[in-house]
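Count residues from 1 along the sequence. Just so it is clear, the structure is predicted and the values come from calculations on it, not from any experiment. Quick note: numbers below take in every heavy atom, side chains included, and nothing from hydrogens, waters or symmetry partners.
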Amino acid sequence: MSFQPNPGDEVVINDIAYTIGQHPAAPGLAYAQAGRQGIVYQLLPRNGSIHGAKALKVFFPKFRIPAMVYQSEHMESYSELPGLQVCKRDVLTPERNGALIGKHPDLLYAVLMPWVQGQTWFDVISDQRQLTAEESLKLARALAGTGSAMEQRGLAHCDMSAPNVMIPFFSEVENLGKMSAVELVDVEQMYGSKMDRPDALLAGSPGYAAHRTVHSGLWSSYADRFAGAVIIAEMLSWSDPVIVEKAWGESYFDQHEMQTVSERYYAMRESLEKRWGSKLSDLFIRAWESHDLSSCPTFGEWYVALAAVDVDQANAAAATSEEKAANPSEADVNLKKSSEPVSEPVNTQDGNRPQTPHSPDQEAVVNRLFLQARALEDEDKPAAALEVYRSLYHFIPHNSAMQMEVEAAIKELDAKLNPKEDTDKPVPVPFYRSKKFMISSAVLIVLLAGGVPTVKILADQAEVKQKEQQEATRLADIKAAEEAEAAKAAALKQQEEQEKQKAADAAKLDAEEKKKLAEAKQKAAEAKKKEEERKALQAKYDKQAKYEAFLVKQEQQKKEAAKRAEQEKYDKQAKYEAYLVWKKENDAKLAKQEAERKAAAEVKRQQEIAQKAALKKKRAQNVVTLIAHYNKTYNAQKGRKIENAEAYARDFKNLYNTDASYFKGVGKVAARMSAINKFLSNNSYTLPNL
């Protein structure tokens, strides 16, 4: 059985009885609010007091996640932070609430949390409710404080937008607890180090999502910085009637304007600087011109800047603006005329418009605004396109082709949005105000009034002709006068009755016309309301269908990713097996090469040993030969055969020089060489007996 409660129905959760609250604007209907992931119902304590009310969030089937229990357990510790009262959550599980879930399966993993009183920031913007400077500052400080406390704990809401920012400060119900002036709701997408990443990530809400990051889901500790900066700027600027009047609708900015140069951006920046000072204006500019969320100002920076703001400055700026609006000077009037949007094409033959050089930055602004206006025209948004064209007109060079094209576009869109009414049709005039009726009434009054003198004249003539019958005539005259007076009175009475009847008929017709007009207006309003409800319901269904299609696409992408991962796994296994085969073959090859290398090294070593042995043997023979040559030289000198001695000495020297480094360290061979050299240089030198 689906969960579709009526007001007054009783629900028992965790042995506590609650009743379903009644919607204050729709008697007979349950107090319920639909969101992206489910429907929230108001539960009242059994005594009916609004204090202690709870919110029961019933999720759509795709969002009934068992991990909600784990997530809510970790969220509970954050409920002590200002603005995060809804983190005190209790999840309905089969183990604890089996009987209730068995009766209403839709309540599986539903969440019970505190009911936050008051309006949303979305309601304030939609109703164009202007704030005082004190209210603006209080709300902005409260939101900055909540965001700063969350950032210090590594938390982020991940869908900060006007519908998710509650304002208990504006609640008509007395706040008995320590509720913050600003409370955040819809915290299921909250980011935290202990939180599980949601299966489907949100990309932000229109009017608050940075266009450079909306293509990827928001789930990081920086996710709230841009949206928070926009909402704080809205809160501060909502005490400025100019900003309130310029609001796009459900948010101050249209999503197409996000992080672009537009008239609303310049207006808000100027309002922040005039009313609250350059520090807050600079923080807003930093956020607007940031290329990623981490470059946006932190909530701590906002809080410090807001703490140093003096509300008297904003009040003084507001008073100055009102005074200028009431008594504009000639310079202000000229400035206003120069800054007013162009509603009619400007005479392009006027050559008095100054020609100003345009910087590359200004040309980029012109091109961006022109493309934005064209895109809005293609999306069938003529009002937004007309506003962008009017903003663009002031930056275009005079007598340029773009100026003529923009003038034509402004004229066409203005005619489309403001068609001229037909003033030639005659206005119907009530019959009692018509010329014919007024003339007829005047003639009747004259005739009735003229009856008295006519009767009197006839009576005088009868008296002259009938003197002898004076008494009879007098009586006849009196009778005639009485009859005339009676006729006159009857005529006047009849005239009065006719006038009253005609006035009553006219009043009746007028009342009937008013009644018909009121009924027509009521029917038109009811038809419009039904059409809006139908469109809202259709939009809800379309959004749900898109989201379901998105989930199907995500699931398909997950399956494809799993398939690719499995294929990569198989490919890696095949590559690994091929590697093992190659490694085995390569190891065998290397082993063979190593064996061949060792064999060659052994052969080489044996050859070196043999060479060393041969060299040793040869050197030993050469030493013997050297000693023999020296002895021959010595004996020849003794026998005084000097020539023979010199020949033997040269043989000794030549053989010695073939391996001098070796012979130098062998016995007395070096001493013999020294004696031979002395002998060869001086044959009278006597060789020693060595």
For Lys559, the option from Glu555, Gln557, Lys563 that meets side-chain contact (heavy atoms from CB on, under 4.5 Å):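 With Lys559 as partner, side-chain contact (heavy atoms from CB on, under 4.5 Å) holds for just one option, Glu555.
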Side-chain ([X]) to main-chain ([Y]) donor-acceptor, under 3.5 angstrom:
X	Y	value
Arg275	Ser237	no
Asp282	Lys279	no
Gln85	Glu183	no
Glu151	Thr298	no
Thr132	Glu135	yes
Arg269	Ile285	no
Ser271	Ala267	no
His157	Ala223	no
Tyr252	Val230	no
Ser281	Ser278	no

Heavy atoms of other groups near Tyr222 OH, more than 12 under 6.0 Å: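 No, OH of Tyr222 has 12 or fewer neighbouring heavy atoms, counting only those of other groups under 6.0 Å.
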Flag if over 12 foreign heavy atoms under 6.0 Å of NZ, Lys381: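 Yes, the 6.0 Å shell around NZ holds more than 12 heavy atoms from other groups.
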Distance check, rounded to the nearest 0.5 Å: [X] atom [atom1] versus [Y] atom [atom2]?
X	Y	atom1	atom2	answer
Gln259	Glu289	CD	CD	9.5 Å
Met190	Asp159	CE	CG	11.5 Å
Ser193	Leu155	OG	CG	7.5 Å
Leu283	Ile232	CG	CD1	9.0 Å
Gln37	Phe59	CD	CZ	6.0 Å
Asp310	Leu137	CG	CG	9.0 Å

Would you say [X] and [Y] make side-chain contact, with heavy atoms under 4.5 Å?
X	Y	result
Val69	Tyr109	yes
Pro382	Leu413	yes
Trp121	Asn164	no
Tyr547	Leu551	yes
Asp224	Phe299	yes
Ser77	His74	no
Asp240	Lys274	no

Salt-bridge criterion met for Arg374 and Glu405 (N-O under 4.0 Å):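 Glu405 and Arg374: salt-bridged.
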Residues Lys535, Glu532: salt bridge by 4.0 Å N-O rule: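 Salt bridge: no.
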Exercise: do Glu76 and Ser72 side chains pair donor with acceptor under 3.5 Å: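 There is no such pair (donor and acceptor under 3.5 Å, judged by atom type) between the side chains of Glu76 and Ser72.
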Centroid-centroid distance, Phe253 to Trp288, less than 6.0 Å: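 That pair passes the under 6.0 Å test.
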Check: Trp115 ring centroid to Tyr31 ring centroid under 6.0 Å: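 Under 6.0 Å, so yes.
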Evaluation steps, side chain to side chain contact (heavy atoms under 4.5 Å, CB included), between Met195 and Met75: CA-CA 9 Å; Met195 302 292 184; Met75 277 188 184; 3.5 Å; yes
Worked check of side chain to side chain contact (heavy atoms under 4.5 Å, CB included) between Val91 and Gln71: CA-CA 10 Å; Val91 182; Gln71 185 181 18; over 6 Å; no
Could you pull out the closest heavy-atom pair between [X] and [Y], with the gap in Å?
X	Y	result
Ala233	Met268	CB-SD, 3.6 Å
Met68	Phe63	CE-O, 4.1 Å
Gln128	Glu245	NE2-O, 4.3 Å
Val165	Met160	CG2-CG, 4.5 Å
Ser136	Met235	OG-O, 2.8 Å
Leu184	Val187	O-CG1, 4.3 Å

Evaluation steps, side chain to side chain contact (heavy atoms under 4.5 Å, CB included), between Glu250 and Ile125: CA-CA 6 Å; Glu250 299 174 354; Ile125 293 179; 6.0 Å; no
Evaluation steps, side chain to side chain contact (heavy atoms under 4.5 Å, CB included), between Gln119 and Val124: CA-CA 7 Å; Gln119 297 179 318; Val124 175; 3.8 Å; yes
Residue pair Ser295, Asp292: steps toward the side chain to side chain donor-acceptor pair (under 3.5 Å) verdict: CA-CA 6 Å; Ser295 303; Asp292 52 60; 2.7 Å; yes
Test ring pair (Phe, Tyr, Trp, His ring centres under 6.0 Å) applied to Tyr191 - qualifying residues, sequence neighbours left out: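 Testing Tyr191 for ring pair (Phe, Tyr, Trp, His ring centres under 6.0 Å), a comparison that skips the adjacent residues, returns Trp219.
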Pairs meeting criterion salt bridge (Lys or Arg N to Asp or Glu O under 4.0 Å) with involvement of residues 184-194, two or more places apart: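 Qualifying pairs, neighbours excluded: Lys57-Asp186, Lys57-Glu188, Arg89-Glu188.
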